[in-house]
Amino acid sequence: MDTIYFDIETSGLDPFKHRPTLFQIKRASDKTIRIFNPGKAKLGNSQKIEGIKELLESNLVVGHNLKFDLKFLRHHFNIEPTNIFDTYIAEILISGGQKARQKGAATLETVAREYTGIQLKKDQVIRQSFNGQELTQEQIQYAAMDVAVLPEIHAKQRQQLKELGLEKVFATEMSCIPATVWLELSGTPIDVEEAKKLEKETRGKLESSRLNVLTILKEAGYRNLDLEGMPAVNLDSPAKLLKALKAIGLDLASTDESTLSAMKHPAGKALKEYRKHQKLLNTFLEKLPKHINPATGRIHANFNQYGTLAGRFSCSKPNLQQLPRDKNIRALFKGNNGSKIITADYSQIELRILAEVSKEPKFIELFNSGGDLHKLTASLIFNKQLDQVSKEERNIAKTINFGLSYGMGAGGLQSNLKDNGIEISSDDARKYIDTFFKSYPKVKWYLEEAGQSAVRDNEIRNIAGRLIKYRPATNESERAAILREGKNNPIQSLNADILKGAMGRLYHKLKSFRAKLINVVHDELVFEVPGEHAETVSLIVKEEMEAAGREYLKSLPVIAEVTVGDVWQK
DNA sequence: AGTCCCTGCGCG
DNA sequence: AAAGCGCGCAGGGACT
């Protein structure tokens, strides 16, 4: 097995619109860098592509941000390397996720400078001129440099991954790259006609809710009126809105949702209604159709595999991870030509992870017996029999169960519950949290230890070995922030490892079913599958997701809940 | 016109 | 003063 250092140049960023213009290949066993123009209609070109396919699919391929290169390779040449080493992902991992946050910190230019001292030319003009025409000697030199730096970067990163004990997590990351390529090339189907309809409907609701707010202001005595005699207030400007509310005798500290919820005045409710429609329209309904790729009729979002400190994906253009749970919105994501949508999500994965890492017997026992954790917590907090727990008590317990793994305090619990229409005193909030930790002492101990070690070491690891580093605190509030992050990150990041493991498995298992991976949302995978394969695929998805979970969760079951339907749903 | 920060809010 | 974690995006507003 040889090592192939690899890079491509393209005529643009979109594999459906642009094409590869240059391959740069250096074999470890070979001194020279070979430059090849894959677009050239030359005699023997297709044999040459076949040769490159064989080369890339049967050796270790090293490159920087291989997701990009692999998308073009797969789309244009049906080349799918799986034995890969990505120096971009490696760099972020070695930094303990820090370089996911710092813009430009893990570009090839920066990494090359840091590892080899070589300053690459990333001149846009030079890049853009790779348009398939004859290349100048100078351009070829620059293109060659991008692979010339790779051997040294690769060798040094490999050493660091080993020293830091990151090889296993790195392998998970690498297995996930082909799945992410699959995801981005698949794209997400959206029903444009339905979207337009919903947009129109929402526009009407927005307008009437706007009039409602203005009318309330006017009736409350607001005097600054426009030509039509309605209050002249920009509702989208929090500053102006605060002033307007003050003018009618409402002195608020903010116009955020919890403040509006707490208002007795009808303006609060009316504004919340206005905001809801405004958000729906401006962030989603108006924007989603703009992202449809004309070549495929689908939305091909950008999935950033190492998008957060803890190793979660982030998503942009558009962000398909923040689509409203609103049924009408999710139903816009519909299978094409009668294909089915498979929605698969991990059941209470973060609480299961907390059970595993804390070794809290009551948690573990509960998950092994398939009981209701929120109910159990409620019965312990309120000192009642399980069957005596009320709905509201269970809701309070649920908020605590979720919130505690983020380091929530009494004030946080109080305001969170308030948003859900439950009012409790701060004494009660304090009491509930105390009782919670008394009931689950190992959870308390685990969270305290995790937070304190994060503050002490400026880093923490999850049980998969993933490293999360913190910038040392310079003041008390930063220290408190690291304390909270240290409690949550080992849990959140293991969720990411499990999901990435599942994606890597499913990329291989679903090859023969014409299945498309169309979305990834932290603990959820969404597929589009031809109807005749839907049942089979849903079983495979469940099995592989659970198997990925079992790699780390040994003392309790991991459950993936799978739904087959015509649209994205739970 | 482009950039930055703030407020606010969508998701897990 | 207030403090639950992690993201990306929209609009406002200040600035260049």
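Numbered from 1 within each chain, the chains take letters A, B, ... in sequence-line order.
With rounding to whole Å, A:L351 atom CG is found 13 Å from B:dG12 atom C1'. Going from atom CG of A:N282 over to atom C1' of C:dG12 covers 13 Å, rounded to whole Å. To the nearest angstrom, P of B:dG8 lies 12 Å from CG of A:L245. The CG-C1' distance, from A:L320 to C:dC9, rounds to 13 Å in whole Å. Look at CD1 on A:I468: it is 11 Å from P on C:dC7, rounded to the nearest Å. For A:Q414 and C:dA3, the CD to C1' distance is 14 Å, given to the nearest whole Å. Between the CG atom of A:L260 and the P atom of B:dC9 there is a distance of 7 Å, given to the nearest Å. In this structure, A:K276 places its NZ atom 17 Å from C1' of B:dG8, rounding to the nearest Å.
The pair A:E286-A:R203 meets the salt-bridge criterion, since a charged nitrogen lies less than 4.0 angstrom from a carboxylate oxygen. Salt-bridge check for A:R394 with A:D372: passed, with a basic side-chain N closer than 4.0 Å to an acidic carboxylate O.
Relative to the side chain of A:N234, the nucleotides C:dG12, C:dC5, C:dC7 differ in distance, and C:dG12 lies closest. Closest approach to the A:K570 side chain among C:dC7, C:dC9, B:dG12 is made by B:dG12 (side chain taken as heavy atoms from C-beta onward). Among the nucleotides B:dC11, C:dC7, C:dC5, the one closest to any side-chain atom of A:Q492 is C:dC5. When distances are taken from the side chain of A:R101 to each of C:dG6, B:dC9, B:dG12, the shortest belongs to C:dG6. Among the nucleotides C:dG13, B:dG12, B:dG8, the one closest to any side-chain atom of A:S237 is C:dG13. The side chain of A:Q322 sits closest to B:dG10 out of C:dG6, B:dG12, B:dG10. Each of C:dG12, B:dG8, C:dG6 was ranked by its minimum atom distance to the side chain of A:K279; first place goes to B:dG8. Nearest nucleotide to the A:T283 side chain, out of C:dC7, C:dA10, C:dG8: C:dA10. When each of C:dA2, C:dG6, B:dC9 is scored by its nearest atom to the side-chain atoms of A:D256, the top-ranked nucleotide is B:dC9.
Within the 4.0 angstrom heavy-atom criterion, only backbone atoms of the sugar-phosphate kind lie near A:L309; the bases stay farther away. Counting non-hydrogen atoms under 4.0 angstrom, A:E257 reaches the backbone sugars and phosphates but no base. Contacts of A:E485 with the nucleic acid, taken as non-hydrogen atoms under 4.0 Å apart, involve only primed sugar atoms and P, OP1 or OP2. Nucleic acid contact for A:K240: sugar-phosphate only, since backbone atoms but no base atoms lie under 4.0 Å from a heavy atom of the residue. Heavy atoms of A:F313 sit nowhere under 4.0 angstrom from any nucleic acid atom.
With ring centers used as reference points, A:Y346 lies 6.0 Å or more from A:H522.
The phosphate of B:dC11 (OP1 or OP2) has no side-chain N or O of A:R312 nearer than 4.0 angstrom. Under 4.0 angstrom from either OP1 or OP2 of B:dG8 there lies at least one side-chain N or O belonging to A:S254. In terms of phosphate contacts, A:R325 brings no side-chain nitrogen or oxygen within less than 4.0 Å of OP1 or OP2 of B:dC11. The side chain of A:S316 contributes no N or O atom lying less than 4.0 Å from OP1 or OP2 of C:dG8. Within the 4.0 Å cut-off from OP1 or OP2 of C:dG6, not a single side-chain nitrogen or oxygen of A:S314 is found. A close approach under 4.0 Å does occur between a side-chain nitrogen or oxygen of A:R275 and OP1 or OP2 of B:dC9.
Separating the C1' atom of C:dA1 from that of B:dC9 is a span of 23 Å, rounded to the nearest Å.
Using the six-membered ring where Trp is involved, A:H300 and A:F16 have ring planes that are tilted, between 30° and 60° apart.
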Going through the checks in order, is the ring pair (Phe, Tyr, Trp, His ring centres under 6.0 Å) test met by A:Y440 and A:F436?
CA-CA 6 Å; A:Y440 305 124; A:F436 176 93; 4.9 Å; yes
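Looking at A:Q102 and A:Q98, their side chains do bring a donor and an acceptor atom within 3.5 Å of each other. Inspection of the A:W568 and A:E524 side chains reveals an N or O donor paired with an N or O acceptor under 3.5 Å.
Checking A:L404 against A:K317, the closest nucleotide of DNA chain C that is more toward the 5' end is the one next to A:L404.
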